[in-house]
2 protein chains.
Amino acid sequence: MAKARLCEDFNEECRDIVEQLFVNFISYSKKQTFFHEGDDIGIMFLVCSGWAARAIHLADGRRQITEIFLPGDLFPVHASISQGVIEDEIVALGECRVTTCSPGALNEASRQTNALTRTLWWLSQRDAAILRMWIAMNGQYRVYERVAHLVCEVLERLKHVGLGEGNRFDFPLTQQEIGDIIGATPVHVSRSLKQIRDAGLLDIQGGVLQVHDLERLQKAAHFNPGYLNPR
Amino acid sequence: MAKARLCEDFNEECRDIVEQLFVNFISYSKKQTFFHEGDDIGIMFLVCSGWAARAIHLADGRRQITEIFLPGDLFPVHASISQGVIEDEIVALGECRVTTCSPGALNEASRQTNALTRTLWWLSQRDAAILRMWIAMNGQYRVYERVAHLVCEVLERLKHVGLGEGNRFDFPLTQQEIGDIIGATPVHVSRSLKQIRDAGLLDIQGGVLQVHDLERLQKAAHFNPGYLNPR
DNA sequence: GGCTCCGGATAACTTATGTTGTGGCATCGG
DNA sequence: CCGATGCCACAACATAAGTTATCCGGAGCC
């Protein structure tokens, strides 16, 4: 987190403000659901380490992960319960450490610091761009392309906060969870991973993913990082 | 538009403000692209009649529609060009009439009227919920379920602004365009539509869609309108 | 009238992906 | 040590969806 440099506007001043605002540390363990205390007010989370995900539970029992939160990501949890039905949940993917802050305090600080305002705006734009890209991924790409694209996106996002050095990073997802992201069965995820592995593009061992040939991986994924750098 | 009642907070006052702010009328014809004038500043569009869409053009030439804008919808068009690459475009689906406003003026008005602030927040929440649902649609549903779900969503959204009476509404999409939304080939869209038609659920004739049995259609689509009513 | 063009229906065939089941190999707790 | 359990690999098979092609009807155009 210390090395975080999300966007041009995220400067020293922003970092100091954020570090002052986010004080309570919480740890969630694998598969633990983030509780939404104070539904009306909501709460802001900032990921320190580990991954979390937002997932929709569909009527027929299937699950779709719609967003993943990596170290440095900021996201709100507000009333996600509408009409008595749990629309979606936030869940830890592996051990996940976060800090929290009230949306009110963050908004107040943002009113006083232009750079923070712009950073928050940038974050929301980027998140929307990712959502749109995932729609395209799930709609247009083959499963092995989706797997490759997911890895490329995660690596790129990690690099924004100073992680992923040597194209190597902690990768806590099971194949079932990858499937829940890209809309595929775990069996097919396994098949596709083998294909990518056999092509010498990457390896996953002991929860650590190592990209061997980023250029070819990005090509296979039709990956273009533009959408991760809005404006 | 006169009957628009998006959310609880969208009251008489809001409507008056919006009608004062949005003054320039523009008409776009089928397949015409919305130009983004003043990339830095951006511009807000409010749809009066017709449909528009935001689409991503992927590296290999495929196209994915990521959002559709119906009468009453409000959306920004800002710099959608990043690093010299056109990331996405806004295009009219059939004849589309809109009005415009500068984001600055809207923000200013929103600072002065709480109900408007909340309405704008509600809209952005709803749009994000739709994006997430489309990820789930494309990831988890069969093609005929996706077609059914799309129709259910559009009908529900139209009803929010006083349209779609008698479960009947203008439907300007070609099968190709439906395919670009749900991630399927036009041939398969045709097949699925036939299936839905043969089941007596709906009919499309002369650009008008008539739902015959909404309850069964929603069931076939696993449709739950909760996500369209955030908070 | 007779063009062309576009959107739609449908058929035959191919392929990507899902389904079901089996077995291996860790890890964990008694 | 044993037996559970969870994750992964793989195989055989079933099916949803893509591909390619043809035909048809309506809209526009000369």
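Just so it is clear: chains get the letters A, B, ... in the order the sequence lines come, proteins before strands, and each one is counted from 1.
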Report yes or no: does [X] contribute a side-chain atom to a donor-acceptor pair with the main-chain N or O of [Y] at less than 3.5 Å?
X        : Y        : value
B:Glu145 : B:Met137 : no
A:Arg62  : B:Gln140 : yes
B:Arg97  : B:Ser49  : no

Report task. For the helix from C:dG1-D:dC30 to C:dG30-D:dC1, measure the angle between the helix axis at one end and the axis at the other, each built from five pairs, rounding to 10°. Result -> 40°
**Report entry** Name of the residue among B:Asp127, B:Asp73, B:Asp88 meeting salt bridge (Lys or Arg N to Asp or Glu O under 4.0 Å) with B:Arg54
**Finding:** B:Asp88
Between [X] ([atom1]) and [N] ([atom2]), how many Å, whole number?
X        : N      : atom1 : atom2 : result
B:Gln175 : D:dC24 : CD    : C1'   : 14 Å
B:His188 : C:dA16 : NE2   : P     : 16 Å
A:Glu177 : D:dG6  : CD    : C1'   : 12 Å
B:Leu193 : C:dT10 : CG    : P     : 11 Å
B:Gln140 : D:dA16 : CD    : P     : 16 Å
B:Leu173 : C:dG7  : CG    : C1'   : 13 Å
A:Ile204 : D:dC8  : CD1   : C1'   : 11 Å
B:Phe171 : C:dG7  : CZ    : P     : 14 Å

Query raised in the report: OP1, OP2 of D:dC8 versus side-chain N and O of A:Gln176: anything below 4.0 Å?
Result: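 Looking at the OP1 and OP2 atoms of D:dC8, neither is under 4.0 Å from any side-chain N or O of A:Gln176.
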Report task. Among A:Arg168, A:Arg197, A:His212, find the residue that satisfies the side-chain hydrogen bond (donor to acceptor under 3.5 Å, both in side chains) test when tested with A:Asp203. Result -> A:His212
Query raised in the report: Does A:Ser190 or A:Arg142 map to a spot on DNA chain D nearer the 5' end, using the closest nucleotide for each?
Result: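 Residue closer to the 5' terminus by nearest nucleotide: A:Ser190.
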Query - Toward the 5' end of DNA chain D, by each residue's nearest nucleotide, B:Tyr144 or A:Lys194 - result: A:Lys194
Query raised in the report: Looking for any heavy atom pair under 4.0 Å, which part of the strands does A:Gly183 touch: base, sugar-phosphate only, or nothing?
Result: sugar-phosphate
Requested in this report: Counting heavy atoms from C-beta on, name the nucleotide in D:dA17, C:dT20, C:dG18 closest to the side chain of B:Arg146.
Outcome: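 Nearest listed nucleotide: D:dA17.
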Query raised in the report: With respect to the side chain of B:Val187, which nucleotide from C:dG21, C:dT10, D:dA17 is positioned closest?
Result: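 So the side chain of B:Val187 is nearest to C:dT10.
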Query raised in the report: Do A:Glu215 and A:Lys219 sit within salt-bridge range, that is, some charged N less than 4.0 Å from a carboxylate O?
Result: no
Report task. Please check if any side-chain donor atom of B:Glu67 sits under 3.5 Å from a side-chain acceptor atom of B:Trp134, or the reverse. Result -> no
Query raised in the report: Side-chain donor or acceptor of B:Arg191 under 3.5 Å from a matching atom on the base of D:dG18?
Result: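 In this structure, the two groups form a donor-acceptor pair.
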